[in-house]
Peer 1: 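Take a look at the following structure, please.
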Amino acid sequence: MPYLPKVARADLHFWEEPCISGTNGSGTIFFSGCTLRCVYCQNFEISHKNSGEIISVERLAEIMRELEQKGAHNINFVNPTHYFHIIKQALDIYRPHIPLVCNSSGYELAQNINEDIFDIYLFDLKYISSDKALKYSGVADYFEVASKAITAAYKLKGAPKLDKNGIMQSGVIVRHLVLPLATNEAIAVIDWFCDNTRDAYLSIMAQYLPCGKAENYPEINRKITKREYEKVLNYLYTKDIKNIYIQERQSADKKFIPDFNGGKLC
């Protein structure tokens, strides 16, 4: 990716967790590129094909201001890892008066978390097993890296803080997307969450669609079944977790995938 940020879309976004999207929407900035190469990525156009527009640091600062003026509950940086250096520079120009969200695959260096740029960490925890991580995302050390990053974010932020309207101001959300034939993986993620970040939010997601290169992997070239999802949820209900989001299976629909072809930047 280029030194300056390549942005595919910047607009109000309403399909995050309720404490992020709220009623006004999350001011989401989708960066092109990604540290992973997930074969099933729903944002394939920007994560693999790197579509987007190169903008200046000053323009990024302006976009944050514009999203704030449109009533966004937060500024939500999606896939920001490779542009942390640019985000810092933009924040020196203008720092919004609303929370800043680091929305990431979780494949982060823990020392980046300690810099405390962001108010909210919205991290995936995709896998526990290295074989699935290597096969589907190209990195065998995914869990080793992501678990350290999530733990660092949790130690930094502690229990979530919400305003009177239920909008998160500070905290950590751990997301897990349930994949076909991977219910045991989801159960292992739930166990890890309970042991390490119990007071954070856990978001169990059912929105999996066979996008990108998933057609080349027959075992994941379908949505998850009702039986698979119920197995995960039935296990989840045995755990004493107070902050949980559970996605409906109807969310596995392309209409919820942002349109990156228009190149809308506010």
Side-chain angles (χ1 to χ4, degrees), residues 1-17 20-22 24-84 86-87 90 100-108 118 122-124 126 136-138 173 175 177 179 203 205-217 220-221 223 247 250-266:
M1 299 304 297
Y3 178 83
L4 289 174
K6 198 170 188 181
V7 177
R9 182 179 175 85
D11 197 9
L12 296 177
H13 187 55
F14 295 89
W15 306 121
E16 307 285 23
E17 283 75 6
I20 300 295
S21 292
N24 296 346
S26 176
T28 307
I29 301 172
F30 289 91
F31 291 107
S32 304
C34 185
T35 56
L36 298 180
R37 282 293 177 266
C38 302
V39 298
Y40 52 81
C41 182
Q42 293 183 351
N43 296 343
F44 197 84
E45 284 296 317
I46 66 173
S47 64
H48 287 247
K49 296 184 178 180
N50 300 333
S51 62
E53 176 184 341
I54 298 174
I55 64 174
S56 66
V57 178
E58 291 77 13
R59 178 62 185 134
L60 181 59
E62 289 175 0
I63 287 174
M64 290 191 289
R65 186 192 299 270
E66 290 168 10
L67 289 170
E68 184 178 27
Q69 290 173 346
K70 290 175 75 170
H73 292 297
N74 44 64
I75 303 298
N76 186 356
F77 301 99
V78 180
N79 285 346
T81 310
H82 49 297
Y83 286 125
F84 278 163
I86 294 295
I87 293 171
L100 303 180
V101 183
C102 178
N103 188 335
S104 161
S105 68
Y107 196 64
E108 304 283 356
F118 304 99
L122 181 52
F123 278 172
D124 292 344
K126 296 177 180 293
Y136 298 135
S137 295
I173 300 176
R175 283 176 168 169
L177 176 65
L179 299 177
S203 181
M205 305 173 73
Q207 68 184 46
Y208 177 80
L209 288 170
C211 298
K213 299 178 181 179
E215 63 183 6
N216 299 326
Y217 300 80
I220 61 170
N221 193 26
K223 299 179 182 180
Q247 213 174 34
Q250 290 84 347
S251 62
D253 192 311
K254 289 186 177 180
K255 70 181 181 183
F256 297 116
I257 299 176
D259 179 13
F260 299 112
N261 294 322
K264 184 174 183 180
L265 300 183
C266 266

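None of these values were measured; they are calculated from a predicted model. All heavy atoms count here, side chains included; hydrogens, waters and symmetry mates do not. Residues take their numbers from the sequence shown, with the count starting at 1.
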Peer 1: So does Arg65 pair up with Glu62, basic N to acidic O under 4.0 Å?
Peer 2: no

Peer 1: Quick check: closest heavy atoms across Leu12 and Leu67, and the distance to 0.1 Å?
Peer 2: N-CD2, 4.2 Å

Peer 1: Main chain of Asn24, side chain of His73: is a donor-acceptor contact present, judged purely on distance under 3.5 Å?
Peer 2: yes

Peer 1: Is the shortest heavy-atom distance from the side chain of Ile29 to the side chain of Pro5 under 4.5 Å?
Peer 2: no

Peer 1: Please give me the minimum heavy-atom distance between Phe31 and Asn79, naming the atom from each residue.
Peer 2: CB-O, 3.6 Å

Peer 1: Can you list everything that forms a side-chain hydrogen bond (donor to acceptor under 3.5 Å, both in side chains) with Ser203? Sequence neighbours excluded, please.
Peer 2: Glu17

Peer 1: Taking side chain to side chain contact (heavy atoms under 4.5 Å, CB included) as the test, write out the residues that go with Gln207, two or more places apart.
Peer 2: Gln42, Leu177, Met205, Gln247, Ser251

Peer 1: Hey, could you give me the CD1/OG distance between Ile63 and Ser56, rounded to the nearest 0.5 Å?
Peer 2: 8.5 Å

Peer 1: Closer than 3.5 angstrom, by distance alone: can the side chain of Tyr83 be matched with the main-chain N or O of Leu4 as a donor-acceptor pair?
Peer 2: yes

Peer 1: Sequence neighbours excluded, which residues qualify as ring pair (Phe, Tyr, Trp, His ring centres under 6.0 Å) partners of Phe256?
Peer 2: Trp15

Peer 1: Would you find a donor on one side and an acceptor on the other, under 3.5 Å apart, between the side chain of Arg175 and the backbone of Leu122?
Peer 2: no

Peer 1: Considering residues at least two apart in sequence or located in another chain, which fulfil the side chain to side chain contact (heavy atoms under 4.5 Å, CB included) criterion with Pro210?
Peer 2: Tyr208, Ala214, Asn221

Peer 1: Considering non-hydrogen atoms only, spot the tightest contact between Ser104 and Thr81 and give its length.
Peer 2: OG-OG1, 4.1 Å

Peer 1: Do any N or O atoms from the side chain of Asn50 and from the backbone of Met1 form a donor-acceptor pair under 3.5 angstrom?
Peer 2: no

Peer 1: Taking atom NZ of Lys70 as the centre, does the number of heavy atoms from other residues, nucleotides or ligands within less than 6.0 Å exceed 12?
Peer 2: yes

Peer 1: Pick from Asp11, Asn103, Asn76: which one makes a side chain to side chain donor-acceptor pair (under 3.5 Å) with Ser26?
Peer 2: Asn76

Peer 1: Could you pull out the closest heavy-atom pair between Ala90 and Leu60, with the gap in Å?
Peer 2: CB-CD2, 3.8 Å

Peer 1: How close do Ser21 and His13 get, counting heavy atoms only, and between which atoms?
Peer 2: OG-O, 3.5 Å

Peer 1: Using the rule given for side chain to side chain contact (heavy atoms under 4.5 Å, CB included), can you reason through Val78 versus Ile46, listing the C-alpha separation, both sets of side-chain angles and the distance that settles it, and then say yes or no?
Peer 2: CA-CA 11 Å; Val78 180; Ile46 66 173; 5.9 Å; no

Peer 1: Could I get the full list of side chain to side chain contact (heavy atoms under 4.5 Å, CB included) partners for Tyr217, not counting sequence neighbours?
Peer 2: Val39, Lys135, Tyr136, Glu219, Ile220

Peer 1: Tell me if the aromatic rings of Phe118 and Phe84 count as close, with their centers under 6.0 Å from one another.
Peer 2: yes

Peer 1: How many angstroms lie between CD in Glu68 and CD1 in Ile75, if you round to the nearest 0.5 Å?
Peer 2: 6.5 Å

Peer 1: Within the distance-only criterion (no hydrogens, no angle test), does the side chain of Ser32 pair as donor or acceptor with the backbone N or O of Ser51 below 3.5 angstrom?
Peer 2: yes

Peer 1: Distance-only, no hydrogens or angles: does the Asp124 side chain make a donor-acceptor pair with backbone N or O of Lys126 under 3.5 Å?
Peer 2: no

Peer 1: Once rounded to the nearest 0.5 Å, what's the spacing between atom CD of Glu66 and atom CE of Met64?
Peer 2: 11.0 Å

Peer 1: Walk me through whether Leu100 and Ile87 qualify under side chain to side chain contact (heavy atoms under 4.5 Å, CB included).
Peer 2: CA-CA 11 Å; Leu100 303 180; Ile87 293 171; over 6 Å; no

Peer 1: Is there side-chain contact between Phe260 and Asn43, with at least one heavy-atom pair below 4.5 Å?
Peer 2: yes

Peer 1: List in chain and number order the residues that pass side chain to side chain contact (heavy atoms under 4.5 Å, CB included) with His48, two or more places apart in sequence or in another chain; answer none if no residue qualifies.
Peer 2: Arg37, Cys41, Phe44

